[in-house]
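Everything below concerns the one structure shown next.
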Amino acid sequence: MKYFDHAATTPPYEDVIRTVGEVMAQHFGNPSSLHRMGEDSGKLLSKAREVCAHALQVNPGEIVFTSGATESNNLAIRGTMARYRQRGNHIVTTTVEHASVYETCRHLEQQGCDVTYVPVQANGAVRAEDVLAAVTDNTVLVSVMHVNNEVGAVQPIAEIGKALKNRHPRVLFHVDGVQGFGKLPLSIRDSRIDLYSLSAHKFRGPKGTGLLYVREGVHLTQLLTGGGQEGGLRSGTENIPYIVGMTKAMRMAAERQPALAAHWSKLSRELHEGLAGLPGLVVNSSPDGAPHIVHFSYPGMKAEAMLHMLEEEGFLVSTQSACSSKRSEPSRVLLAMQKEKDCALSGIRISLGEEHTEEDVRQLLGAVKRTMERLQIVKGGNR
């Protein structure tokens, strides 16, 4: 089987698997314990924080380890709104955010927060001026993802961050960096980002671990109370093996990013050209989007039917984001991009990994063509 669903999750590096096992076997001490085994685990934790900070070009004290992006996004948004409630109750975000941001904002609305969901353009990208125009004197937080997890649209993070801090320096800026890290360059400092979320399994690390960058001087209200780990922001014994595994994957992803981006860009161009040449298909991803995601629709056909037929051909792809793929509803992201409902019900996401070749892409395009022909036959027979 050819796995083309790297935006959902990635296969961990062999070095990461080996490292997690070694640390789990040899360094099982609680990093909060005062004895030697605890101290050894504590040293690993400190070193991991330093390596993660170096990969992001921030300070070690600004790294908070979490269970993944969902927790990081919740801590960033809920923690900000609870801590700075005296400043106001307004959040600015977009209509195409990941569910862990979008649904969190929806929940906070029910608790009395005011949320503005800024619409995107037809290519899935928001305009920086539209985000800034939504900011009011009551705004506490702006939250915009770097790369959309469904269609790969790249948001103008640096432009938003710089303008936001020039005009509204007290408003905090959160970025969900899950689909951007390791794929596209982004300077947290230069982009004036206050809070930045990552999940290890999106860049070939272990599932169940991630981090939140919290700029020095920003204070959050904790979601989990207890032993006060992670500077009091994330109580609970740290998962040392997975944190060390994430650290190794993060370092490798940062080092390989330029070469991989060039590799994926070449494959992405071939996918765009090949899909555009198939009558009846609608390519939803922009050619200037993230290099590892290409999204298309086959209006009038069920996405699940195409997905399973492609699986029979030996190719694993996805429909919506993995968190929403089991819902038989039109894609919220595609509807926000002004796509018709038939298009939003028939979306297929192809997401690339570093193992893919031009031959893999050519074979996938051939499978898509054959699947379309089979679906047309089925549709004709059902009339």
Q) Would you say the ring centroid of His6 lies under 6.0 angstrom from that of His356? A) yes
(Q) Please determine whether side chain to side chain contact (heavy atoms under 4.5 Å, CB included) holds for the pair Tyr213 and Ile188, giving the CA-CA distance in whole Å, both sets of side-chain angles, and the decisive distance to 0.1 Å. (A) CA-CA 9 Å; Tyr213 158 78; Ile188 288 177; 3.4 Å; yes
Q. For the residue pair Tyr196 and His174, is the inter-centroid distance of their aromatic rings smaller than 6.0 Å?
A. no
(Q) Please determine whether a side-chain nitrogen of the Lys or Arg among Asp194 and Lys165 lies less than 4.0 Å from a carboxylate oxygen of the Asp or Glu. (A) yes
Q) Under the 3.5 angstrom rule, does the side chain of Thr10 hit a backbone N or O of His201 as a donor-acceptor pair? A) yes
Q | Non-hydrogen atoms of Val151 and Met337 that approach each other most closely | A | CG2-SD, 3.9 Å
**Q.** Candidate pair Lys202 and Lys207, rule side chain to side chain contact (heavy atoms under 4.5 Å, CB included), full reasoning
**A.** CA-CA 8 Å; Lys202 302 295 187 177; Lys207 294 178 181 65; over 6 Å; no
Q) So, do Met37 and Asn30 sit near enough that their side-chain heavy atoms are less than 4.5 Å apart? A) no
Q) How about Asn284 and Ser297: does a side-chain donor come under 3.5 Å of a side-chain acceptor? A) yes
Q. Under the salt bridge (charged side-chain N to carboxylate O under 4.0 Å, His left out) criterion, do Lys248 and Asp15 qualify, and how do the steps go?
A. CA-CA 8 Å; Lys248 181 174 283 290; Asp15 282 351; 5.2 Å; no
Q.
Just by distance, no angles: are the side chains of His90 and Thr116 close enough, under 3.5 Å, to form a donor-acceptor pair?
A. yes
Q: Let me see the working for Thr209 and Asn239 under side chain to side chain donor-acceptor pair (under 3.5 Å), right down to the final yes or no.
A: CA-CA 8 Å; Thr209 190; Asn239 188 341; over 6 Å; no
Q: Would you mind reporting whether Pro31 and Thr237 have side-chain heavy atoms less than 4.5 Å apart?
A: yes
Q: Verify the cluster assignment for Ile160 and Val175: are they in a single hydrophobic cluster under the rule of side-chain heavy atoms below 4.5 Å apart?
A: yes
Q) Do you know which of Gln179, His263, Lys183 makes side-chain hydrogen bond (donor to acceptor under 3.5 Å, both in side chains) with His292? A) Gln179
Q | Leu365 and Leu271, any side-chain heavy atoms less than 4.5 Å apart | A | yes
(Q) For a quick check under 3.5 Å, do Glu313 and Thr371 share a side-chain donor-acceptor pair by atom type? (A) no
Q: Report yes or no: does Thr93 contribute a side-chain atom to a donor-acceptor pair with the main-chain N or O of Ser143 at less than 3.5 Å?
A: yes
Q: Verify salt bridge (charged side-chain N to carboxylate O under 4.0 Å, His left out) between Asp137 and Arg87, making sure each step is shown before the conclusion.
A: CA-CA 9 Å; Asp137 292 340; Arg87 293 185 182 180; over 6 Å; no
Q: Test side chain to side chain contact (heavy atoms under 4.5 Å, CB included) on Tyr3 and Thr9 and set out the steps.
A: CA-CA 10 Å; Tyr3 182 75; Thr9 195; 3.4 Å; yes
Q. Thinking salt bridges, do Glu150 and Arg349 make one under a 4.0 Å N-O criterion?
A. no
Q. Does any N or O in the side chain of Asn59 come within less than 3.5 Å of the main-chain N or O of Glu62, such that one atom is a donor and the other an acceptor?
A. no
(Q) Check Arg18 with Glu14, please: is the shortest side-chain N to carboxylate O separation under 4.0 Å? (A) no
Q) Are the charged groups of Glu373 and Arg370 less than 4.0 angstrom apart, N to O? A) no
Q: Could you go through the salt bridge (charged side-chain N to carboxylate O under 4.0 Å, His left out) check for Glu359 and Arg362 one step at a time?
A: CA-CA 5 Å; Glu359 180 58 28; Arg362 284 192 285 269; 3.4 Å; yes
Q) Short question: side chain of His98, backbone of Val101 - any donor-acceptor pair under 3.5 Å? A) no
(Q) For Thr94 and Glu97, which I'm curious about, is there any donor-acceptor pair between the side chains at under 3.5 Å? (A) yes
Q: Using the salt bridge (charged side-chain N to carboxylate O under 4.0 Å, His left out) rule, take Arg192 and Glu159 through it: C-alpha gap first, then chi angles, then the decisive distance, then the call.
A: CA-CA 10 Å; Arg192 310 292 296 277; Glu159 185 180 355; over 6 Å; no
**Q.** N-O pairing of Arg78 and Glu71 below 4.0 Å
**A.** no
Q | Sole candidate of Asp130, Val144, Val142 that passes side chain to side chain contact (heavy atoms under 4.5 Å, CB included) when paired with Val118 | A | Asp130
Q: Any chance you could lay out the side chain to side chain donor-acceptor pair (under 3.5 Å) test for Asp176 and Ser197, step after step, and finish with the verdict?
A: CA-CA 5 Å; Asp176 175 349; Ser197 306; 5.6 Å; no
Q: Look at the aromatic rings of Tyr102 and Tyr117 and report parallel, tilted or perpendicular, splitting at 30° and 60°.
A: tilted
Q | Close side-chain approach of Leu141 to Val171, heavy-atom, < 4.5 Å | A | no
Q: Answer yes if the side chains of Asn89 and Asn138 hold a donor-acceptor pair under 3.5 Å, and no otherwise.
A: yes
Q: Verify whether one side chain among Ser72 and Thr66 offers a donor that lies under 3.5 Å from an acceptor in the other.
A: yes
(Q) I'd like to know if the side chain of Asn73 pairs up with that of Ser100 as donor and acceptor (distance under 3.5 Å, no hydrogens or angles considered). (A) yes
